[in-house]
Structure formats: structure tokens, C-alpha cells
Amino acid sequence: MTKAERLRLMQEEEERRLKEEEEARLKFEKEEQERLEIQRIEREKWSLLEKKDLERRSQELEELALLEGCFPEAEKQKREIRALAQWKHYTECDGSPDPWVAQEMNTFISLWEEEKNQAFEQVMEKSKLVLSLIEKVKLILLETPTYELDHRTVLQHQGSILRLQELLSLKINVATELLLRQASNLADLDTGNMEKIIKDENVTLYVWANLKKNPRHRSVRFSETQIGFEIPRILATSNVALRLLHTRYDHITPLFPIAVTEQNQNPVGAEQVNVEESTEKAMTEEKLFTEEKAANEDEQPKAEQERELNLVQEENKYEAIENTVLQRTSDSEGEDSQTTQLELEMKLLSEAVLAAQLCLVENVVELPEASQAYKVDLCHFSTLGGVYHLDVLELPPQCKPVKGWVLVEILQEGLQRFIYPPDTTEEPDPDVTFPPIEVTLEIHKSVIFFERPRVVRWDNEGKFWRSDGISSVYYNREDRLLTFSMDTLGPVTLIQDAHVNMPYQSWEMSPCGMNKVLLIVKTVFMELQIYIKENLCMLASVKLRGKGLEFHLKGKWMAPIPFILALKEAGLNIFPAVYSHFYVVINNKVREQLSEETEHHTWSLLMFSGDRAQMLKMQEENDKFSEALREGTEFHSTLYHMMKDFASPVAMERVRHSNCQFIDSVCYMLLSIRVLSYS
């Protein structure tokens, strides 16, 4: 190839390169102009939507304030219901004390203390009233707004609960001693030992007295049940009695005070302006926090309790400030233009929201550290099924008939526990062993376990539940029998992960007519259907792994707080606590299941940043988050007004005319289940 040809080829190559660069530059400039034009159009559109949002913000917030007026009205009606219940109790004159009146409770306790030598059946009958009073006092502390309870009243109610619990335990022990004194008269003709079973809806007593002291009789099984003990030889030859007392209630776990601050110590009926302006959401969250705190406080130091309470109070204070700002700005008549007022209003609202969020971040709740590995974390686990009191007792002196009289030696120290294994300071004999005692329990049908139940025992010195000292655990799911071995008998209970049903797979709420909705929550193990009507809730259905279950709570209408407590006690816990976010992890597997189940439905994503609600263009399955607005939608100041854009007029009419107690109950249940955070 000649030099001229090479130059020509190089020139052609250079011209082609320049042409391609020019075409690329022109294409880039065109695309950039198109992109800038799209951005300009989007900015103009965004600006118009923001301007439109600002123009109607005042009207929307005023409308929202009118709707939120139902919460103070609902609180007023609940206060009237409580007063009516007190009056009804007064007019009935049934002899039971009024749980609101400390003097009546003290009188009732003092009179019962004076009653001596009551049989076990009499104690069980009286326990029905005692347990009812305890539940009523607890509900007073949970349902009454904190600004209506002063510190002294709270301490009085808590003192009444503790005294009733202690007195009931004492009466049961005395009645057990009276029963064991008659063991020789109640002895079985076949075995020569005494066996007795006494039960009602709250308490079941299994007691066995070793009268024959037969070393071969080491298997104790109560008649017509598989419940019993496998005892070692030393107990089979000792003057002892075995007691298994199953209480459906838990009076072992300590009851801690519900704190009331000076800011909330307003007299009954005194309505402060800031209280009236605070929404029911704030009051509901505070009561929920109080309930969870009372359940979990065994794991919290005192300083941590005060800090958490201050967190809730600060949050409520900022909500009250936010509402006050909105009220003042909406009522002000302008010296400036309407646009300036709206911008100022939006700025103040944003500052209030940011201040509240900053307060939450600064006062974030930290998980308390466990001091011992065997100490049960009640923030993570919950006790279920009541308490099983397992005791080896010294058999008291028996009644002896003498010449028409019945003589009995009464010990001043009362019912005594037999120490096993014995405490000794001498060197242990290698030939003498103290094997563990095997126990078989039956789990009551009113409790649902989704996993194998764990057995824990009570540490009376440290006042906490512990997981050591228990071995050879076997659970028969079909017969609901639990067998395990213990070195030393004492109170035991069963625990389950409090978050076994979290996160939820899905949830749905649909109307069932005026002032009635059906709330459905689906988890990995179950599906709960809950009806909410006015100020009542009802468990409509329980499905375990797709199969319906007949349950004792179905069909019973209850107020929200008793309803939540009943579900928790039954093991159907879908109510996160203060520390639940430390134990619940939303994994990818759950997300995939959700996508598969909802692929045939069209879901809309709504975003609320605290001062603006909008419908997003993105879908739930998108990998990246985008704030792009869906076509044909606008900004709104609240989710309520966002929903108005695509809700039917009939639906909005029902919302505006809904019962205030119904709205209050629905909000309370949604805040308790926290469907948005744990789904």
C-alpha cells in the first residue's frame, strides 16, 4: 500500500470518527434537552401540586380536627360508663366491696383474714370473688386515663392487689393443712394412702398422703388421670405428702407499680385544654405502654422505667404542641397573604414533627442486659397456662378418735415443706443418692402452644423465673401431657416465645355494616378473625394451619383491654411490647410469600411523612424506593384525605357518621397490633 493510500484511509477514518462523535454529541444534547424538559415539567407539576396542597391544607386540617373530636368524646363516654358501673354496684348491694373504694377493700380483706379453719371447697368458692376483685382493680389501673389517677390512688390499688394475692395463697395453704390432718380418714382402701382431687374453673388441687410408707410404691398417679409423680425411695418411706396445685392465674410473677407523674395528676373531671386537644392516639399509646411496662418490669431497673415513661410523655407533649400549633394557625386571620400563612403553618408543623422524631431517637429504649444466662427474659418470653405449685410437704399429725372425741395436735408453725434433697453440713455419703423427681402435668385446653412448651421454675430468693434445674423434658402433643424431672420441687410455669406469631404475613380490615368491621391477621401458624363493634371486640375465628379450632373465647364480646389480655393469656399474642423490635426480624422468605399470595391483587402504596400523604408510583416488589407520584393523584395533608380521592361517597359518609366509641376501639386495636410495623 502506498503512502497516499494510507493517508487517504487515515483521513477517512478520522472523518468517520468525527462524524460519530458529532452524532453522539447531538444525540446526547437531544436526550439531555428531553431530560431537562421532563424535569422542568415534573418540577412545574410538583410545584403546582404543592401549591394546591398548601391552598387546601388549612381546610383539610380543620376537617381532620373535627373528626378527631370523636376521641375526647369517646373518653367522656367511657368515663360515664365507669361512673355508671360504680353506681350499679352500689345499688345492687350484693355484699362485695367496690374496687374503687380502698376502705371497702381493706374491710373485705380484714374480715376474710379473721375467718379461720375454712375447708378447701370454701376457699375455692371465695377465691372466685377474690380473683374477680383482682381483675377489676387491674382494669381500673389499665383503663383509667393516667391524668385521672393520682399517685396515692395507684399505690392503694396496687396494695389491694398484693394483699389479696398473698391472703389467697395463705388460705390455700391453711386449707391444705386441714385436709391433710384428715388423711387417715380419707385413705384409699386398696393402697392405704390418701388421694384427693378438687377442682373448679380457676384452681385444681391434686394431693397425695404417704400413710403406708411402702418403699415399692414409688409411682404416684392420680385416679382417672395420667398426672402424677415418680418419687425416689427416700420419699416413699418418709412421712410426707405430695401436692400439685394448678392455678390458672399467675400470682408469682411480681406486680410492679404503674407510674403516675405530677403532670398527669389532675383531679377527676378536671379537663385541661391540652388534654382535650390531645388525640386519643396519644392516650392509647400511653396506656399500651403502661400495660406492657407492668408485664415486663421484672427485667427493668428503676432508672430505665422513668426514662421510658418520660419518652412517652415527651411524645404526647409534642403531639399536644403540634395540635395547638395547628389550632392557632388555622384560627389566625392574616395580616400577611394566605400563601404566607399556609407556608408558615407547614413550617411549624414540620418543626413539631421533626422535634418529636428527634425526641424518639434521643430517648430510644435499650434492651436490658440479662444478669444470668438461666434467668428467663420476660421481654422475650411470656408465661402461659398459670402456675403449677409442686410441693413435698411434711404430713401433719393425724386426727385420733378417743372415747367419742377427735383429738388432733395442731402445730403452731402450720404447713411445713419437706426439704428434699436435705440440707446437711456433713460429708455426703457416696452410698446415699437423691435422684430427681419426675413430674407429669396436663396442659389446660384454654392455652395454645405453637411450639414445644418450655418449663421454668421460680427462684424465690431472686424473685425471677429460671430455666436450669429441669431435665428430661418430654411433651405429648396429642394428650397435652408434659413430663420432666426436677432436683427440687417448687412452683413451675410454661413459657413460649412472645413473638412466635410475628411478623404477620398479612392483615386485612373490611367493613361489616355500620359501626362494625372484621379484622383478619394471618401469621405463620394461625389466622385470627376479630370483630370490632362500637366499644367491644369479639374473637370470631381461630384457624391453626388452615383448620378451624373451637376455642373458649369465641363469641364473647369484651372491651378492648380485657380482650387483649384474654388473648395474651390464651397464647394468641399479636400485640407487640416495648422491646419487641429487638426480637422480631422481617426475613426475605416472608416477603416472598407475601408477594406470591398477593400477585393477583392490585395494591397501592401510600406514604405519609408526617406532614404530607401521597400515593407512590412504585410497586411493592420494586427493588429501589422512589417517591415518584402516581399519575392522576395529588398531595394531601393526611392519609384520610388521601383516601377520599378514590373512596366512594357512601364510604366517606359512613366514616363521618361513625360512632365515636367505634372509631376509638378500631384505633386502639390497630395501635395495639401495630399492623404497619410488624407486617
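Positions are given from 1 along the sequence. All of these numbers come straight from a predicted model, not from anything done at the bench. Note that these values count all heavy atoms, side chains included, but never hydrogens, waters or copies made by symmetry.
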Exercise. Thinking salt bridges, do Glu634 and Arg56 make one under a 4.0 Å N-O criterion?
Worked result: yes

For this session: Please report the closest heavy-atom contact between Met502 and Ile574, naming both atoms and the distance.
Result: CE-C, 4.0 Å

Exercise. Taking C-beta and beyond as the side chain, do Asn501 and Val521 meet within less than 4.5 Å on heavy atoms?
Worked result: no

Exercise. Could Glu201 and Lys128 be called an ion pair, given the rule that one side-chain N must be under 4.0 Å from one carboxylate O?
Worked result: yes

For this session: List in chain and number order the residues that pass side-chain contact (heavy atoms from CB on, under 4.5 Å) with Met514, two or more places apart in sequence or in another chain; answer none if no residue qualifies.
Result: Arg654, His657, Ser658

Problem set entry | Check: Asn535 side chain, Gln661 main-chain N or O, donor-acceptor pair, under 3.5 Å | no

Problem set entry | Contact summary for Gln496 and Glu451, nearest pair of heavy atoms | OE1-N, 3.7 Å

Problem set entry | Side-chain touch Ile495/Trp465, heavy atoms, less than 4.5 angstrom | no

For this session: Step through the shown structure and confirm whether more than 12 heavy atoms of other residues, nucleotides or ligands are within 6.0 Å of NZ on Lys76.
Result: no

Problem set entry | Within 6.0 angstrom of Met618 CE, more than 12 heavy atoms from elsewhere | yes

For this session: Check whether any side-chain heavy atom of Leu536 sits under 4.5 Å from a side-chain heavy atom of Phe563, and report yes or no.
Result: no

Exercise. Quick check: does any side chain N or O of Ser665 sit under 3.5 Å from a backbone N or O of Glu534, one acting as donor and the other as acceptor?
Worked result: yes

For this session: Answer yes or no: does atom CZ of Arg545 have more than 12 heavy-atom neighbours from other residues, nucleotides or ligands under 6.0 Å?
Result: no

Show me the side-chain donor-acceptor pairs of residues 80-97 shorter than 3.5 Å, one per line, residues at least two apart or across chains.
from	atom 1	to	atom 2	distance (Å)
Arg82	NH2	Glu148	OE1	3.4
His89	NE2	Ser96	O	3.2
His89	NE2	Ser96	OG	3.2
His89	NE2	Pro97	O	3.3
Thr91	OG1	Trp87	O	3.2
Thr91	OG1	Lys88	O	2.9
Asp94	OD1	Ser96	N	3.1
Asp94	OD1	Ser96	OG	2.8
Asp94	OD2	Ser96	OG	3.2

Problem set entry | Parallel, tilted or perpendicular: ring planes of Tyr583 versus His499, cut at 30 and 60 degrees | parallel

